[in-house]
Chemist: 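Handing you a structure now.
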Protein chains: 2
Amino acid sequence: MATKPRRPIPDATVSRLPIYQRVLDELQTQGMATVSSEDLAELAGVNAAKARKDLSFLGSYGIRGVGYEVDYLLFQIRHALGLTQQWPVLIVGVGNLGRALADYAGFTSRGFPVAALVDDDPAKVGTTHVGIEIHPLADLAELVRDLGIAIGVIAIPSAGAQRVADLLVEAGVSSILNFAPAVLTVPDDVHLRQVDLAVELQILSFHRQRGQRETDQVDSDPPAP
Amino acid sequence: MATKPRRPIPDATVSRLPIYQRVLDELQTQGMATVSSEDLAELAGVNAAKARKDLSFLGSYGIRGVGYEVDYLLFQIRHALGLTQQWPVLIVGVGNLGRALADYAGFTSRGFPVAALVDDDPAKVGTTHVGIEIHPLADLAELVRDLGIAIGVIAIPSAGAQRVADLLVEAGVSSILNFAPAVLTVPDDVHLRQVDLAVELQILSFHRQRGQRETDQVDSDPPAP
DNA sequence: TAGATTGTTAATCGATTAACAATC
DNA sequence: TAGATTGTTAATCGATTAACAATC
């Protein structure tokens with residue numbers, strides 16, 4: 001029998017799967033066995049119909065009249081995201097940000113063990129952070145090979161970011177997460193994602209202003225005669 | 001004369017304005033005076049038509065046959081985002097992440113000066129980081145009032161995040177940026193945005209897997225007879 | 001003027017949502 | 001069975017894009 005010709009998961013849905021995962025993680029910790037689309041959606045901050053539609057792209061994993069089994073749904077979301085296996089991560093740059101990322105519980109717990117740290121600074125090389133040894137930049141290619149690094153994380157200032165990206169690509173890393181606020185260029189077959197720590201502040205600023213403007217308008221409505 | 005009834009800027013456009021801003025920042029640093037929608041779009045990783053449409057929501061700030069003036073367009077984007085004034089930020093939690101955020105050039109340079117740091121740890125209180133004094137959590141409300149804090153940033157582990165959010169709301173902060181991987185509840189009139197440092201890794205993992213599957217399919221095509 | 005590039009139109013595509021039949 | 005909740009349909013809404021007239 002042929003497998004059902006599953007439609008591809010829409011990008012908008014993919015971007016919400018991590019949110020559902022986080023909520024389900026929390027529900028699991030609280031010992032909830034099942035959850036309805038209504039409750040899940042409320043916690044995730046979305047419409048219940050949207051939650052059901054999103055989950056339906058993964059398959060029919062709910063039980064009518066009951067809801068979704070938390071454990072099972074978590075597994076299916078991890079499966080859809082390709083997180084049934086672990087993806088070892090290498091972090092370049094052991095400044096405050098690199099250390100914060102290495103500590104970040106969300107990395108390891110979600111399938112991204114930090115396998116190696118790399119830094120330019122000779123004073124840091126050879127020391128460890130949370131039990132992970134810090135290697136010189138020159139060892140990058142060797143580390144990638146020996147540890148089966150799947151993803152490179154750039155956590156250095158903008159100035160050196162492109163050079164490090166080039167080194168990662170050269171070493172055969174095909175997925176890069178860049179925290180430097182720089183515009184990087186990589187070959188087409190390399191997956192590059194950009195994280196800008198200030199971008200959410202800017203969007204917050206926009207909404208604050210919009211909210212303010214609406215309030216102003218209400219305030220400046222002509223008074224009733 | 002009435003002001004032109006400008007249509008509201010779509011959410012999708014708002015989310016891209018920071019990207020254009022970053023690219024324009026870089027072009028400005030390189031001394032470029034003008035840029036075409038074609039070049040701007042290429043650097044921002046979007047379609048040229050989309051870039052022009054996005055910018056048209058701000059007004060008609062391009063010059064036909066020439067392009068956009070970098071300085072002027074930067075100003076207009078900042079204006080649209082409500083960044084013509086500075087918004088003082090308070091960071092709660094001076095661990096690696098809090099320090100990384102306080103250092104982050106993108107904050108101050110984009111209109112979000114870090115005005116205060118707050119931490120529970122008595123050993124940290126009274127010391128400074130990059131010239132900013134670290135205050136006890138108990139001083140939060142006072143700091144918010146005295147420094148005109150516009151935005152509170154939560155950079156502590158999940159466990160205490162809700163309590164800190166409550167304290168911020170109580171102190172009158174109406175915009176909160178949360179870096180803890182926790183689901184927070186705030187009143188409706190408070191702007192809350194969630195940053196999950198692992199979410200981009202998860203999306204990267206999905207695309208890596210999808211790319212892999214497509215490659216597999218090609219590889220497993222029946223060989224020509 | 002000729003060439004270049006914007007701003008806008010209109011067609012297409014994808015995402016959201018309410019509603020409800022299916023079914024636990 | 002009665003009540004609850006999913007999975008899916010179809011209508012609506014918003015976003016994307018190519019194309020081109022307007023205009024520098």
Chemist: Compare the minimum distances between each of C/dA15, D/dT6, C/dG7 and the side chain of B/Tyr68, then state the nucleotide with the smallest one.
Modeler: C/dG7
Chemist: Once you round it to whole Å, what is the distance between P of C/dG7 and NZ of B/Lys53?
Modeler: 12 Å
Chemist: Ignoring hydrogens and angles, tell me if any N or O in the side chain of A/Arg193 forms a donor-acceptor pair with the backbone of B/Leu204 under 3.5 Å.
Modeler: no
Chemist: Among the candidates C/dT16, C/dC24, D/dT5, find the nucleotide nearest to the side-chain atoms of A/Arg16.
Modeler: C/dT16
Chemist: Who does C/dA4 pair with, Watson-Crick or G-U, both distances under 3.5 Å?
Modeler: D/dT23
Chemist: Return the nearest nucleotide to the side chain of A/Lys50; candidates are D/dT6, C/dT16, D/dT17.
Modeler: C/dT16
Chemist: Out of D/dT16, D/dT5, C/dT6, which has the shortest distance to the side chain of A/Arg64?
Modeler: D/dT5
Chemist: Starting from C1' on C/dC24, measure out to CD on A/Glu69 and report it in whole angstrom.
Modeler: 13 Å
Chemist: Is there a side-chain hydrogen bond (donor to acceptor under 3.5 Å, both in side chains) between A/Ser37 and A/Arg52? Walk through the geometry before answering.
Modeler: CA-CA 6 Å; A/Ser37 60; A/Arg52 283 201 297 278; 2.9 Å; yes
Chemist: Here's a test of your reading of the structure: between A/Val66 and A/Thr13, which maps to the more 5' nucleotide of DNA chain C?
Modeler: A/Thr13
Chemist: Over how many whole Å does the gap from A/Ile63 atom CD1 to C/dC24 atom P extend?
Modeler: 10 Å
Chemist: Look only at the side chain of A/Thr29 and the backbone of A/Asp25, and say whether a donor-acceptor pair between them is shorter than 3.5 Å.
Modeler: yes
Chemist: If pairing requires Watson-Crick or G-U wobble contacts with both distances under 3.5 Å, which nucleotide is the partner of D/dA10?
Modeler: C/dT17
Chemist: Expressed in angstrom and rounded to an integer, what is the separation of A/Leu58 atom CG from D/dT6 atom P?
Modeler: 14 Å
Chemist: In whole angstrom, what separates B/Asp54's CG from C/dG7's C1'?
Modeler: 13 Å
Chemist: Is there a salt bridge (charged side-chain N to carboxylate O under 4.0 Å, His left out) between A/Asp11 and B/Arg210? Walk through the geometry before answering.
Modeler: CA-CA 12 Å; A/Asp11 283 347; B/Arg210 178 149 70 185; 3.4 Å; yes
Chemist: Specify the separation, in whole Å, of atom OH of B/Tyr20 and atom C1' of C/dT6.
Modeler: 14 Å
Chemist: Of the nucleotides D/dC24, C/dA15, D/dT8, which has the atom closest to the A/Asp11 side chain?
Modeler: C/dA15
Chemist: Run A/Asp189 and B/Arg208 through salt bridge (charged side-chain N to carboxylate O under 4.0 Å, His left out) and show every step you take.
Modeler: CA-CA 10 Å; A/Asp189 60 332; B/Arg208 151 187 287 272; over 6 Å; no
Chemist: Can you check the A/Ile9 CD1 to C/dT16 P distance for me, whole Å?
Modeler: 14 Å
Chemist: Within this structure, what is the CZ-to-C1' distance between B/Arg52 and D/dC20, rounded to whole angstrom?
Modeler: 10 Å
Chemist: Closest to the B/Ala49 side chain: D/dA18, D/dT6, C/dG7?
Modeler: D/dA18
Chemist: Looking at A/Ser37, does any N or O in its side chain come under 4.0 Å of the phosphate oxygens OP1/OP2 on D/dT6?
Modeler: yes
